[in-house]
There are 2 protein chains.
Amino acid sequence: MSKVLNQRYGVSADTFARVTAVIKEMGYEASLVAQSLRNHRTNVIGILVADIEPFSTELLKGAADAIRGTGFELVVYSAGGRIGDPQGWEHRYLTRLSGTLVDGAVLVTPAVDLEGIPGTPVVAVDPHTGRAALPTIDSDNLHGGRLATEHLLALGHRRIALITGREDLKSAQQRETGYRGALASAGLPVDENLVRRGDYEADIAAESARRLLREPDRPTAVFAANDITAIAVIQAAQELGLRVPEDLAVVGFDNIPESALCTPPLTTVQQPIREMGHRAVELLVRLINGDEPTDTHITLSTELVVRQSTRPLTP
Amino acid sequence: MSKVLNQRYGVSADTFARVTAVIKEMGYEASLVAQSLRNHRTNVIGILVADIEPFSTELLKGAADAIRGTGFELVVYSAGGRIGDPQGWEHRYLTRLSGTLVDGAVLVTPAVDLEGIPGTPVVAVDPHTGRAALPTIDSDNLHGGRLATEHLLALGHRRIALITGREDLKSAQQRETGYRGALASAGLPVDENLVRRGDYEADIAAESARRLLREPDRPTAVFAANDITAIAVIQAAQELGLRVPEDLAVVGFDNIPESALCTPPLTTVQQPIREMGHRAVELLVRLINGDEPTDTHITLSTELVVRQSTRPLTP
DNA sequence: CTGAAAGCGCTAACAA
DNA sequence: TTGTTAGCGCTTTCAG
C-alpha cells in the first residue's frame, strides 16, 4: 500500500486499483510527521520570521512565488515578536525542525548570528553580522544610504537629519554610513544633533521626529532608516502643521507597499524585498539539492524611487 | 534523560545536573517530529491561509497576539495562491497534519466547506458557506453592507455603484445583499448596470471601474466589496481625471492598514480583522483543551469608519 | 508480486 | 533511582 502511494514497482494493476479505491474512499493522506521521521527528506522549506510585519510579509510573498514548481512546500514559523526568549529561538527552532520537518530554512530574523546546523542548509536574509559563515541574501544598504542622501543634496537640502534604525543590525549601520559618506563627499560636516534614534519602531521614530522638528533650527529634510520610520516622520510633521514636502522632505528605505500609498507617497530607496525572498528560496533549494553553490553571498542592488514626499528645496 | 527534559519524577539531583550539562554542551533540542509522533499532543496550532495578502496578514497578527501565553506555538501554512489544486488542499493539509503535527487548526482559506477531521478541532474564519458544521468566526457582513450604502445615501448620493467580491464567498454575497437592502429601504430600485464584477482582484476591479466610470451616466459613488477593490477604484478614477471624493465617493470594506494610508484615506467598513484572528485562536485553544464550547459561531460586529474618500454630495 | 519486519527519535510504562 | 523496551505511522528491505 505504501508502494501504491509512492508509485513503486512490484504491484499488480489489480491490487493497485483496489488499493487506490480504498484510499480514495477513506480520504486517506499519509501523515507528514511519520513520513518525515522515516525519510529524512521532507520537501518542506521553513521560513523563520521574527514577526509578521510589512517587511517579512513582502519577503514571504517573494518566497511563495519562488517555491512554486520546485516541489517544495512552505511553512512559516513566526516568533510573534516575542521578548522572553530574545536570543536563540532561531537556533532552537532550527534544531528541533532540522533533519526532520524541514529540509532547509530561511532566516528572516536577523538578530542572531548562529553557525549553521550540521545537516540543514540555511540561508540568512539581511543578517546581523553582515557576511557571516551562513549563505546570505542582502541588499546594498551602503549604496542605498548614499543614494537617499545624495538625492536630498541634489534637491538643495543642507540640513538633512537622519532617523536611525536598529543599532544591532548591520543593514541599519550601513544606511547610516552611506548617509555620512554622502555628506562627507559633498564637503558637509555631520551635525550630530540631526542624528536621532528610530530603532525601526514607529513610536520611537515619531517621538524623535517630534522633538527634532520642534527645535528652532530644524532640518529641511529627513532621511529615515526605513519606510515605517519615514511614515512615522511624515505623520509627526503633519501633526506639527508642517507640510510634506513643502516644509520638510522625507526619504525612506525599503519600498514596502505602504510607502506608495501613504500621503504623500514616499520617495524611498527600493530594496527589492520580494526578490530577496525569491532569491533566498532559490539559493536554499540549490543547497538542499546539493547543486553547485555558485555564489552564497548575494547582494541585490538598491535604487531610488522618487515620489511626492520630496521636491526641490525652495528657499 | 527524557525524564530530565520533561521534568519528571525519579531523577537524582546529581544525574539531573550531569544530564543537563551534557544537553547544554551538545545544544540538544528534542525533535519536534518524533515528539509529535509519540505524544499526540504537540502544542502547535496551525493556520492555513490561501495566500499571504493584507487580510490574512492582519489576521495572523491577531492570532500571534492571542497565542502568547497560551503555551502553543504558531505555524502558518500558505497555499501560495496556488491554482492547480483549487479544491481540497485544506483538507489534504489538515489530514496530513492532524493528530500529529498540530493540535488544531484555523482555516483562513474560505473556498471549501469541509466537514471537520475526526480528532482535530478546526475553526474556520469567514467560511464559504456561512454557518457550517465547523466552528466559525466571521463578521456581520450584511450589516456592514447596509452601513456602507446608507452612509452614501445619507451624503445625498443616489447613483451608487457596487463592485462585487468573489461570488463563491458568502461574505461577499452578504455585502451585496446589504447594499441591495439599503437601497430598497430607501425606496430606490437597484440599477443592475451599476453592479459590476470585482472578484476581490485589483486588476478585475480596476477594469470594471474604468468601464463604469467612462459611461455617460456614471455613478457619483461606489461601494467596493473590499478595500483592495476600493483602492483599485480610486486609482482608476484618478487615472480618468476624476477627483475623489469631489467627483466620486468611494467606500471600502475590511479596514486593512492600507486603507488608512491610501490617497485619499478610505472611508471603509471596519471588519475587526485582528480581533477575528484573536478570537479564532482563543476559540480553538478552548476546543483543544476540551473546555466548554460556549458559543462556536462568533460573529463580530462591523462599523463604519469615515475618512476622506467620501463627503456630502455637492450638486 | 505480496506479506512481514525493522527502525526513524522520542516517551511512557515497566523491570531491575 | 536507573536501565530497558514497546510502539507512534510510515517506508524500505527482505523473505515468502
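Any value given below was found using the heavy atoms of this structure, including those in side chains, with hydrogens, waters and symmetry copies removed. Each chain gets a letter, A, B and so on, in the order the sequences are listed, and its residues count up from 1.
A 4.5 Å side-chain heavy-atom check between Pro135(A) and Leu287(A) finds at least one atom pair inside the cut-off. In this structure, Asp138(A) and Ser171(A) have side chains that are not in contact, with every pair of non-hydrogen atoms separated by 4.5 Å or more. You'll find the side chain of Phe72(B) stays beyond 4.5 Å of the side chain of Leu284(B), heavy atoms only. At a threshold of 4.5 Å between non-hydrogen side-chain atoms, the residues Tyr28(B) and Leu5(B) count as touching. Put simply, the side chain of Val4(B) reaches to within 4.5 Å of the side chain of Thr20(B), judged on heavy atoms. Looking only at side-chain heavy atoms (C-beta outward), Asn226(B) and Phe55(B) stay at 4.5 Å or farther from each other.
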Quick one: which protein N/O atoms are closer than 3.5 Å to N/O atoms of nucleotides 13-16 of chain D? Pair and distance per line, please.
none

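An OP1 or OP2 oxygen of dG9(D) is reached within less than 4.0 angstrom by no side-chain nitrogen or oxygen of Gln35(A). OP1 or OP2 of dT2(D) has at least one side-chain nitrogen or oxygen of Thr15(B) nearer than 4.0 Å. Dashed line: the shortest gap from a side-chain N or O of Asn6(A) to OP1 or OP2 of dT11(D) is under 4.0 Å.
Along DNA chain C, the stretch of nucleotides lying under 4.0 Å from any heavy atom of chain B spans, 5' to 3', dG9(C) to dA12(C).
Closest heavy-atom contact between Leu59(B) and Val125(B): CD1-CG1, 4.0 Å. Between Ile288(A) and Pro121(A), the shortest heavy-atom distance links the atoms CG1-CG, 3.9 Å. Between Asp254(B) and Ile273(B), the shortest heavy-atom distance links the atoms O-CD1, 3.4 Å. Taking every heavy atom of both residues into account, Arg175(A) and Ala225(A) meet most closely at NH1-O, 2.6 Å.
With rounding to whole Å, His40(B) atom NE2 is found 14 Å from dG7(D) atom P. Here the P atom of nucleotide dT11(D) and the CG atom of Leu5(A) are 6 Å apart, to the nearest Å. Taking atom CG of residue Asn39(A) and atom C1' of nucleotide dT12(D), one finds them 9 Å apart after rounding to whole Å.
Of the possible donor and acceptor atoms, one in the side chain of Asp103(A) sits under 3.5 Å from a partner among the backbone N and O of Asn43(A).
Among the protein residues, Val33(B) comes within range of no part of the nucleic acid, since none of its heavy atoms lies under 4.0 Å from any strand. Heavy atoms of Phe16(A) sit nowhere under 4.0 angstrom from any nucleic acid atom. Residue contacts shown for Ser31(B) are limited to sugar-phosphate atoms, with no base heavy atom under 4.0 Å away. Residue Ser12(A) is in sugar-phosphate contact alone, with no base atom involved, counting any heavy-atom pair closer than 4.0 Å across all strands shown.
Residues Tyr9(A) and Glu29(B) each lie close to DNA chain C; by heavy-atom proximity, the contact nearer the 5' end of the strand is made by Tyr9(A). Place Leu37(A) and Arg18(B) on DNA chain D by their nearest nucleotides, and Arg18(B) ends up nearer the 5' end.
With pairs defined as Watson-Crick or G-U wobble and both atom distances under 3.5 Å, the stems of at least three pairs that touch DNA chain C come out as C:1-14 with D:3-16.
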Given side-chain contact (heavy atoms from CB on, under 4.5 Å), test Met276(A) with Leu300(A) step by step and report yes or no.
CA-CA 8 Å; Met276(A) 289 170 75; Leu300(A) 301 178; 3.6 Å; yes

